Amino acid sequence: MILTVTLNAALDVTYHIDRLRPYGSNRVRSVVQRAGGKGVNVSRVLHALGQPTAVTGLAGGPTGEVLRSELASAGLADRLVPIAGESRRTVAVVDELAGDATILLEPGPLVRLGEWGRFLDRLDTLLPGSEAVVFSGSLPRGVPADAYAELVLLARTHGVPAVVDADGPALQASLAAMPVLVKPNADELAAVTGLRDPVLAARALQGAGAKSVVASLGPDGLVAVTPEGSWQARVPERLLGNPTGAGDAAVAALTVGLAADASWPDRLSEAVALSAAAAAALLAGDFDPVVRARLRPLVEIQPLRSLPCP
């Protein structure tokens, strides 16, 4: 089983529009509401790939109840810890023709000390049955700033490899615990290191404790810096659609490859194809299997030394 952790779980509402009008009204074509948060999206992709997975984290209030009900209807194993605070909602406005999305993110609930302790106890019971664990997304209020470092260390005590997909101080703090993999995007990587070259920035995160670093570069694919080598992986065409779940799909693919001890070129090929297929889907957490199958043999893998930031 691959365990995903979403501390700031959300009820996602996605509006699909015909075309975004910057100075006028916009016609909404469809509205979809379902459980979200980066870890939930990763579990959705894993579930669609036939990988056993479970979601843990924090959820509370009426919004949290709706979120948990939706997880059950999606067939995702719910291991969330109840809290008193109200789970957040997020809103995505997607313009598929432009390949763009506007995201509105609520800050999330206030987590009490006792609730954090109960979550740590729950995680401690779930880790022994896990092949890998993914810690992803923002931290709700009340959770320690070094929460991901604490969680990665807990995973290490159980011999479970940990993947971190976070940004800012949460990502920075996690490095001291030496996660097996961190996966920022290009902007997050530059912000945490001050370096615009993604390869140099990834190497800086390696030096700070991460074993391997994979950075999303949008249409330029992925850059990976690992103990086995460094590569850029990309598809030779640009796909428009909903980009909000592409990074989560890449994390799912990389974690499956980690659990299977696949070669890095194979992990990256699958991650690029799957993230592009996720952008072609309507909702974060989904992917288009036809696009994935078509793009998988087309992925270009290139060894590299340095690469200018897009």
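Only a predicted model underlies this, so the values are computations on that prediction, with no experimental measurement involved. What's counted below: heavy atoms across the whole structure, side chains too, no hydrogens, waters or symmetry copies.
Contact of the R34 side chain with the R44 side chain is registered, since non-hydrogen atoms from C-beta on lie closer than 4.5 Å. L3 places a side-chain heavy atom less than 4.5 Å from the side chain of L123. A 4.5 Å side-chain heavy-atom check between R267 and L258 finds at least one atom pair inside the cut-off. Between V223 and L217, some side-chain heavy-atom pair lies under the 4.5 Å cut-off. Proximity of D124 to H158: side-chain heavy atoms (C-beta onward) are separated by under 4.5 Å at one or more points. Taking 4.5 Å as the limit, every side-chain heavy atom of V180 sits out of range of all side-chain heavy atoms of V163. Residues S212 and P227 form a side-chain contact, since some pair of their non-hydrogen atoms from C-beta on lies under 4.5 Å apart. The side-chain heavy atoms of P184 and L171, taken from C-beta on, include a pair separated by under 4.5 Å.
One finds the CG atom of D12 at 6.5 Å from the CG atom of N41 (value rounded to the nearest 0.5 Å). Remark: L175 CG to Q206 CD distance equals 11.0 Å, nearest 0.5 Å. The CG atom of L67 lies 10.0 Å from the CZ atom of R88; values are rounded to the nearest 0.5 Å. Remark: L46 CG to T255 OG1 distance equals 7.0 Å, nearest 0.5 Å. In this structure, NZ on K38 lies 13.5 Å from CG on L7, to the nearest 0.5 angstrom. For the atom pair CZ of R296 and CZ of R292, the computed distance is 8.0 Å after rounding to the nearest 0.5 Å.
The cluster map of Ile, Leu, Val, Met, Phe, Trp and Tyr, joined by side-chain heavy atoms under 4.5 Å apart, puts V299 and L222 in the same cluster. V152 is connected to L127 through a chain of hydrophobic side-chain contacts under 4.5 Å among Ile, Leu, Val, Met, Phe, Trp and Tyr, so both are in one cluster. V160 and V256 fall into different hydrophobic clusters, defined by Ile, Leu, Val, Met, Phe, Trp and Tyr side-chain heavy atoms under 4.5 Å apart, directly or through other members. Grouping the Ile, Leu, Val, Met, Phe, Trp and Tyr side chains by contacts below 4.5 angstrom, directly or via other members, places M1 apart from L181. The same ILVMFWY cluster, assembled from side-chain heavy atoms under 4.5 Å apart, contains both V143 and L154.
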field: Full working for side chain to side chain contact (heavy atoms under 4.5 Å, CB included) between L80 and V55
entry: CA-CA 7 Å; L80 294 168; V55 179; 4.2 Å; yes

message: Using the rule given for side chain to side chain donor-acceptor pair (under 3.5 Å), can you reason through D266 versus S269, listing the C-alpha separation, both sets of side-chain angles and the distance that settles it, and then say yes or no?
response: CA-CA 5 Å; D266 283 346; S269 292; 5.4 Å; no

Verdict with supporting geometry, I17 and V93, side chain to side chain contact (heavy atoms under 4.5 Å, CB included): CA-CA 7 Å; I17 61 175; V93 180; 4.0 Å; yes

message: Does T193 form a side chain to side chain contact (heavy atoms under 4.5 Å, CB included) with L205? I'd like the steps, not just the answer.
response: CA-CA 8 Å; T193 64; L205 293 194; 3.7 Å; yes

task: Give the intermediate values and the outcome of side chain to side chain contact (heavy atoms under 4.5 Å, CB included) for residues L268 and W264.
output: CA-CA 6 Å; L268 295 172; W264 270 105; 4.2 Å; yes

task: Check the pair K183 / S216 against side chain to side chain donor-acceptor pair (under 3.5 Å), numbers first and verdict last.
output: CA-CA 7 Å; K183 202 228 59 77; S216 301; 2.6 Å; yes

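Using a distance-only test at 3.5 Å, with no hydrogens or angles considered, a donor-acceptor pair links the side chain of E106 to the main chain of R89. The closest donor-acceptor contact from the side chain of E65 to the backbone of G60 lies at 3.5 Å or more, if one exists at all. Within the 3.5 Å criterion, the main-chain N or O of G108 finds a donor-acceptor partner in the side chain of R141. Judged by distance alone, the side chain of E86 and the main-chain N or O of T63 form a donor-acceptor pair under 3.5 Å. Judged purely by atom type and a 3.5 angstrom limit, S275 has no side-chain atom pairing as donor or acceptor with the backbone of G247. Of the possible donor and acceptor atoms, one in the side chain of T53 sits under 3.5 Å from a partner among the backbone N and O of I2. At least one donor-acceptor pair under 3.5 Å links the side chain of Q232 to the backbone N or O of D220. Panel note: side chain D146, backbone A149; no donor-acceptor pair is recorded below 3.5 Å. Looking only at distances, no side-chain donor or acceptor of S130 sits under 3.5 Å from a matching main-chain atom of V133. Formation of a donor-acceptor pair under 3.5 Å by the S73 side chain with backbone atoms of E70 is found in this model.
By the side-chain hydrogen bond (donor to acceptor under 3.5 Å, both in side chains) test, S138 pairs with N8, sequence neighbours left out. V31 meets the side-chain contact (heavy atoms from CB on, under 4.5 Å) test with V13, Y15, V28; sequence neighbours excluded.
Other residues, nucleotides and ligands place more than 12 heavy atoms under 6.0 Å from the CZ atom of R294.
Closest heavy-atom contact between A279 and P243: CB-CA, 4.5 Å. Shown here for A249 and L274, the closest heavy-atom pair between the two residues is O-CD2, 3.6 Å. Of all heavy-atom pairs between W116 and A147, the closest is CH2-CB, 3.8 Å. Closest approach of G37 to T6, counting heavy atoms only: CA-CG2, 4.0 Å. Contact detail for G64 and A59: the closest heavy-atom pair is CA-CB, 4.3 Å. Nearest heavy atom pair, residue L139 against residue P144, reads CD1-O, 3.7 Å.
In this pair, Y148 and F135 present their aromatic rings tilted. The plane angle is within the 30 to 60° band.
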